Every structure is written in C-alpha cells, then in structure tokens.
Colleague: 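Encoded as structure tokens, here's the structure I'll be asking about.
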Number of protein chains: 2
Amino acid sequence: MAALPIQIDRTSPVPLYHQLAEQLTAAVSNGTLRPGDAFENELAMSDRLSLSRPTVRRAISELVNKGLLVRRRGIGTTVANQMVHRRAELTSLYDDLIREGRTPRTEVLSLNCSTQDDRAAEALGLKPGALLVAIVRLRYAGDQPLAILRNWLPPAMDDLTTELLETDGLYAVLRARGIRPTVARQRIGARNATAEERRILHMSKAEPLVTMTRSAYDADGSPVEFGDHCYRADQYSVDVIVSER
Amino acid sequence: MAALPIQIDRTSPVPLYHQLAEQLTAAVSNGTLRPGDAFENELAMSDRLSLSRPTVRRAISELVNKGLLVRRRGIGTTVANQMVHRRAELTSLYDDLIREGRTPRTEVLSLNCSTQDDRAAEALGLKPGALLVAIVRLRYAGDQPLAILRNWLPPAMDDLTTELLETDGLYAVLRARGIRPTVARQRIGARNATAEERRILHMSKAEPLVTMTRSAYDADGSPVEFGDHCYRADQYSVDVIVSER
DNA sequence: TAGTGGTCTAGACCACGCA
DNA sequence: GCGTGGTCTAGACCACTAT
C-alpha cells in the first residue's frame, strides 16, 4: 500500500478536504492506484498529513460517493473495479458533439417571444395561457441535420437574439446570465417522424426519432427551461448512469 | 418558521443523523413545510434536540443532496421549490409496472447456460469467447406484449431456472443471492423492429422500438449483468433525473 | 453588528471482520 | 484481541448576508 504524495496548502481558500479529494481522485483515475488496491487508512492518513480524521474522512467520502472507492467496515478502503467513472452530466447536445470531435452548428428556425403552450407553461410553473419565449432550432453535425430542438423559456428571457443562440449553445447563454441549470428531469422515448420533420431532417425512409422532453431547474428547484427535442435515431443515443448510492 | 416535532430514539441502532433526516424528509414531502419556507437553523435544532451540530448538519446535508433543501450562507436554509423529488432509481421494468398498477407477466423464451457473445462478455469483464448464461424474456403488461429482454450473466449463475425468472424479476433473483446491483450505465436509443420482433411483440405497423443496453455493477464496481432490451415505443419511455450536484 | 452556514479540530465509543 | 470504518460530541474560527 503506497503512501500517496499529497500536498496540502493551508493558505489556499480551497477547503482542505477538497484539496485532498482532488489529489486522491487524480491518483485513482490516472492509474497510480489500481482497482483492488488497498487504500491508506483514515487514521494513518490524517496522522501523516496532519489533518483531523473527519477532514480526511470527508475527502474519502467524496470519492466513495463517486464510486471510485469502496469502504468496508473492519476490512479497509479499496479502489473500486473498472467501471467508467464518468457521471451523467447536465450538458447540451452541443457540448456532446464538441466532445466527440464533430463540428456542431445551430440554425434558429424561429424565435417567438410571446407564445402560448400549456404543457410548457405547466413545466415552467406558470399558469396555462402564460406568454412564453419559444425557440425552435435545427442542429447540424457537420453538414447533416441531426435534431430539432424546441425550447420554452420564462418571459423574462425575451431579449434573446438569433445571433446569440447560433454562436453559443442555449445553456451557455443562460449561464452567462447567471442562470445555472442544476437538475433536469428527462423523459426519453421514440416515435415516427412527421412529414415535416422528415423533410427538415432529410430523412428518406421511415426512420424513427429519439424523443426527449426535459424540464431543467436551478439549485433552488425553480424551473429554468422546458425542452421537447427529437433526434435522428440512427445518429443519436442517450447515455445515462443510474446509481443507488 | 415552525419547530418540527422530531422524535429521536437513542436506543435505536439507526444512526441519529438518519433518524433525523428521515423525519425532515417526511416533513418536506408531505407538505408540512412548503417550498420557500425557512428551515430551523442548525444551531437551534441541535440545541432543541440535544444533538451535536455536526450530527444535525449531516442530516440536513442528506436533504440538500437530494435537492429538497437549499442552504445559503448568511441567509439560512429553505425548502426547495416544487420539482418532483423522485430520484432516478435502479429498478427493473417489472417494478415500474407494478408501481403503475399494471399486472406484469414474464415469459422466458430461452435460457441457455453456455452461450458466447463477445459484446456481453466484454461488458461483464470477461474474455471474448467466455461462456455466459443467456436469457431471453418476453414481458407482458396485462395481455399485451411490451418488451423483449435479452440478458447475459456470468457463468456462476448457471443454476437459474425458468420458474424463478417467471415468478420474480431478474433483479429479485439476483438480490436473493446477495448480489446487489448498485450502479448501471444505460444507453437509450431507437430503431425499427425486425420482422421477428414485430411478430413477437404483435406490432402491426412500422412502429419504432425504444432500445436500452445496460451494464450493471455492484458497489465494488464488479460487473453483474449485461442487458439488451427493446420496448414498444408506443407503450414505454424512460424517465431520468440528471443532476450536477 | 448579529446571525447564518462552511470548515476544522481532537478527542470518544461502537460494530464489524479477521487472525 | 486488534485494526478497520461508522458514529457522535463540544467546541472553535471563518465568510457571507442582512440590517
């Protein structure tokens, strides 16, 4: 069992437990520690680093919650087996495409600052008939149309412009205004494309669409955005990590 | 701000922070506390209940992590806005159907205890060509066929029987053997049904299927099960809660 | 200035798994 | 019996927000 070289900076504004957790995370994910390896125990580590046991414990807990480590009473702490440790993230398709190295592009098909849509209003916590900002965008991956994105926002967002939405993603625009979606509820399904969707997405045959409706909320639980999206099924799937921890 | 009536049983084996967290959770979800309401502060609560502040804090943290409460430094703790608080769970379709009040039924189409499937073997952390247990089941909701479930398990599970699988769900059978899936990685997409799938699922027209492949792991991160499922899209969708916390 | 949550410490005792 | 993680205490100081 290796004693990892850890550097703690007590003058940093970063909490000690987080400094420690970051360095431990690095050691696990860069392979310094292999799956199954025993982990230095809490008492030894707190002694070695001159940290209190609760502080060390909190750092280790962070890794346990992420599934990187397994704690067993009476046994010790060990590095968890393989398992891709990427968590489901709250990102946009835009980010996903960039990550895959494809060059996404967005075309705003319509931008209407006073629409009515009862399903969207309800999702946004507003009364039926409330006026909403409605956006319809077409997402390309390279030259190929990939998805039709329909989004509704609260009326306060009525100063959005086509340019903003086409250069940055919707989520980037929201973040720039201090709005940070934190939790989202998504429903994923499938259906056949309508004639118009087939035309817009250049779908020749009777290919299916993957559908996703999403209600996004900030840390308070206040609704931020409601979306109803559809993707060409041959081009898109959704990855999710489900956890009982 | 109400002082909630909390009962702490110090003779119980249940940790104090968990007893407290459960009662606080109940107060929030049954509407005793409304969204936006101020929450009793940590010091007052620890004093009132004769618990240490870290213990109270840990209980509150549990609710914050679930998204029920919002803590703001200098402000206080408040109840989060609406937002359905159900978390994405690692359950089977079987459980989902029972919850919806439909009566699910399972028919085992085949059970083969020494199959080869390289994709499944890789997902289970075994060498290509390794012998696996393969199960194909047909899931009904009431009288209607809903899904074809294909699962692969490690060779150690070669004593499964058709009866077991048809009376309990697969996950119940695993749990009964002390195997507890904790984390799963799912990929959800859509495609058209093959002729055979159309026949088995009684699909008349060119309806699409929702597809889901799932790799499930236990708390150690050891692979437990690999599944490749398809559902009638008109009958099924997947709910997911994505969180950045 | 007063009150809140955020962090941290130095102990303590218990429950569990193993030799 | 011994070492591990699991829980709990009684303080302390700090950073932030409101008034």
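Just so we're clear, the structure is a prediction, and the values are computed from it rather than from any experiment. Just so we're on the same page: letters track the sequence lines, and every chain starts at 1.
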Colleague: Run the side-chain donor-acceptor check on residues 31-38 of chain A: report pairs under 3.5 Å with partners two or more places apart or on a different chain.
Modeller:
unit_1	atom_1	unit_2	atom_2	d
A:Thr32	OG1	A:Asn30	OD1	2.6
A:Asp37	OD2	A:Arg34	N	2.9

Colleague: Base, backbone or nothing for each nucleotide of nucleotides 2-9 of chain D, written B, S, -, heavy atoms under 4.0 angstrom, 5' to 3'?
Modeller: -BBBBBSB
Colleague: Please report how far the helix from C:dT1-D:dA18 to C:dC18-D:dG1 bends, comparing the axis fitted to its first five pairs with the axis fitted to its last five, to the nearest 10 degrees.
Modeller: 10°
Colleague: Does any non-hydrogen side-chain atom of B:Met212 lie less than 4.5 Å from one of A:Val240?
Modeller: no
Colleague: For A:Ala219 versus B:Val70, what's the shortest heavy-atom pair and its separation?
Modeller: O-CG2, 3.6 Å
Colleague: Is B:Gln19 reaching over with its side chain to a backbone N or O of B:Val14, donor-acceptor style, under 3.5 angstrom?
Modeller: yes
Colleague: Could you walk me through whether A:Arg119 and A:Thr213 pass the side chain to side chain donor-acceptor pair (under 3.5 Å) check?
Modeller: CA-CA 11 Å; A:Arg119 188 175 54 142; A:Thr213 60; 5.5 Å; no
Colleague: For residues A:Glu22 and A:Leu63, determine if any side-chain heavy atom of one lies less than 4.5 Å from a side-chain heavy atom of the other.
Modeller: no
Colleague: Please assess A:Met45 against A:Leu24 for the test side chain to side chain contact (heavy atoms under 4.5 Å, CB included), listing each intermediate value before the final yes or no.
Modeller: CA-CA 11 Å; A:Met45 191 177 289; A:Leu24 295 179; 4.3 Å; yes
